[in-house]
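Protein chains get the first letters and strands the later ones, always in sequence-line order, with residue 1 at the start of each. Because the structure is predicted, anything quoted here is derived from the model rather than measured.
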Protein chains: 2
Amino acid sequence: MDAMTDTNAIERRSLHLELVERIRPLIVESQLNPGDKVPEKVLCERFGVSRTPMREALKVLAAEGLVRLEPNRGAWVTLVTVEEVEEVFPVLGALEALSGELACTNIADAEISHIRRLHDQMMDSYRDRNLVDYFKTNQEIHRAILLAAKNQSLTNTCQALSARMQRARYAANLSEERWADAVAEHEQIIRSLEARNGRELGQILRQHMKNKQESVLKWLRKTNTDQESECAGPGQQC
Amino acid sequence: MDAMTDTNAIERRSLHLELVERIRPLIVESQLNPGDKVPEKVLCERFGVSRTPMREALKVLAAEGLVRLEPNRGAWVTLVTVEEVEEVFPVLGALEALSGELACTNIADAEISHIRRLHDQMMDSYRDRNLVDYFKTNQEIHRAILLAAKNQSLTNTCQALSARMQRARYAANLSEERWADAVAEHEQIIRSLEARNGRELGQILRQHMKNKQESVLKWLRKTNTDQESECAGPGQQC
DNA sequence: AGATTACATTTTGAATTCATAATTAAGTCA
DNA sequence: TGACTTAATTATGAATTCAAAATGTAATCT
């Protein structure tokens, strides 16, 4: 009776949700830069919608922490601040640790082999010093572990926080030394996962996140210093 | 130069945020019951606003998981399901553990004495078997530890998830046995906190949350069985 | 020139309006 | 009576409108 148990419900979507899901990547992938004003009118024209659903979408994105609403002045893409990084990464660390623990309990063998393939692929990218591919596969691995935990609330919470941290090209910062360390950590990750040692995987993932935090902070401090003179305008979050 | 460094900015609020913060407690404190339709028109009249800011508020509450929007059919207060409890509590456990660890590092002595007073007060309520006061003080203690962690992102994330779990009177379910166990756990909590043993406090808080999950699940299963015949309407999340 | 005011323009917040979808009520027929 | 249509009512989604606030520009004065 698969035909009955399958979800056949016709997917009906509201305009504002559609907008949220289209604008979010614009922010995460830095089409809209941190600190920029969100051009409400321009986006309305671009997506061919009126201001009502657009403003609803901006309110949701504000709740997610991706934009900041100033009453009577509009919406701005939030900046990634040092303080925010120092707050969010420990939370992400605790959540990734949990995802590792849960994954080891709930993951299927096929999923493990899939992650193993991603891991090997990432190692190829490392050998070629192909930073773009490395980062892409890296993200896929972490996401696969998260999904293997089979906990929707965990997935949602992690993704919301990750989105706030991810908007920027941290890749540019990865030093040769940090890169080598990260690779070593990933060797441990795949080993623990294949051994289904949840406790261990959790601890490694948390340490991995701590190291990433340092890497991001280094990049952030450098970027801020570089642009010190630029963003002196009033009303900005400098 | 305190006058300059202080934040004197006049707090300006938007209507939709005001509504979010007024409707949220209606849901968390079960003025609006899980499964109920959110009466958009009634709420608009009650708060004296038009539908636009009300609908913006509902979209934010939907993003928080407190209401569910069905396209063309309106908003419904989300139900607390067994599946959701089994997902959210482990996440809350990991986050409370983190809050314990961070609190032990960042808490001021004055805050510890404050929590000690709350703890003693809660023990009085326990001796009197005053469940209402016990629960109130209990929540204050957990909140105080969370705030002592001095991590806004952690606070926000925890509160959002707690809100989803808290809407209902779980208190009614607390068995004499579980109550005694919970009290014993709280003795450990205050002891670890005063010793500033973060690792230990984290572990206890996580176990405490695991036990609370079981308690809530017991209540939930009982409630669901009791009301089995009632909520058979279509479109409900039964 | 540089600061200050007055005015025009633009942007924003929120109410209103309008088309469409969903629900309810009434009517029809087996 | 009870299932099925069809029409009336209501609720919803989104565009439009309008007042208020913010911003930009020109004129004025020291």
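In this structure, CG of A/L43 is placed 13 Å from P of C/dT11, rounded to the nearest angstrom. Straight-line distance from the CZ atom of B/R13 to the C1' atom of C/dT12: 18 Å, rounded to whole Å. Taking atom CD of residue A/E40 and atom P of nucleotide C/dT12, one finds them 5 Å apart after rounding to whole Å. Here the C1' atom of nucleotide C/dT12 and the NZ atom of A/K41 are 12 Å apart, to the nearest Å.
Within residues 54-65 of chain B, no residue places a heavy atom under 4.0 Å from DNA chain C.
Between A/L92 and A/M165 the shortest side-chain heavy-atom distance falls below 4.5 Å. Within the 4.5 Å cutoff, the side chain of A/P90 has no heavy atoms near those of the B/L154 side chain.
The 5' end of DNA chain D is approached more closely, in terms of each residue's nearest nucleotide, by A/P53 than by the other of A/P53 and A/P71. Comparing A/H16 and A/R51 against DNA chain D, the residue whose closest nucleotide sits nearer the 5' end is A/H16.
Boundaries of the chain A contact region on DNA chain D are D/dA14 to D/dT23, first to last in 5' to 3' order (nucleotide atom under 4.0 Å from a heavy atom).
Atom CD in A/E84 sits 4.5 Å away from atom CZ in A/R164 (nearest 0.5 Å).
The residues A/E96 and A/K212 are annotated as not salt-bridged, no charged nitrogen and carboxylate oxygen being separated by less than 4.0 angstrom. Electrostatic pairing of B/E101 and A/R206 counts as a salt bridge here, judged by a charged N lying under 4.0 Å from a carboxylate O.
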Please determine whether salt bridge (Lys or Arg N to Asp or Glu O under 4.0 Å) holds for the pair A/E140 and A/K136, giving the CA-CA distance in whole Å, both sets of side-chain angles, and the decisive distance to 0.1 Å. CA-CA 6 Å; A/E140 281 180 55; A/K136 192 164 160 286; 3.5 Å; yes

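Of the possible polar contacts, one joining the B/E87 side chain to the A/S153 backbone as a donor-acceptor pair under 3.5 Å is found. Using modelled atom types, no side-chain atom of A/R167 and backbone atom of A/L32 make a donor-acceptor pair closer than 3.5 Å.
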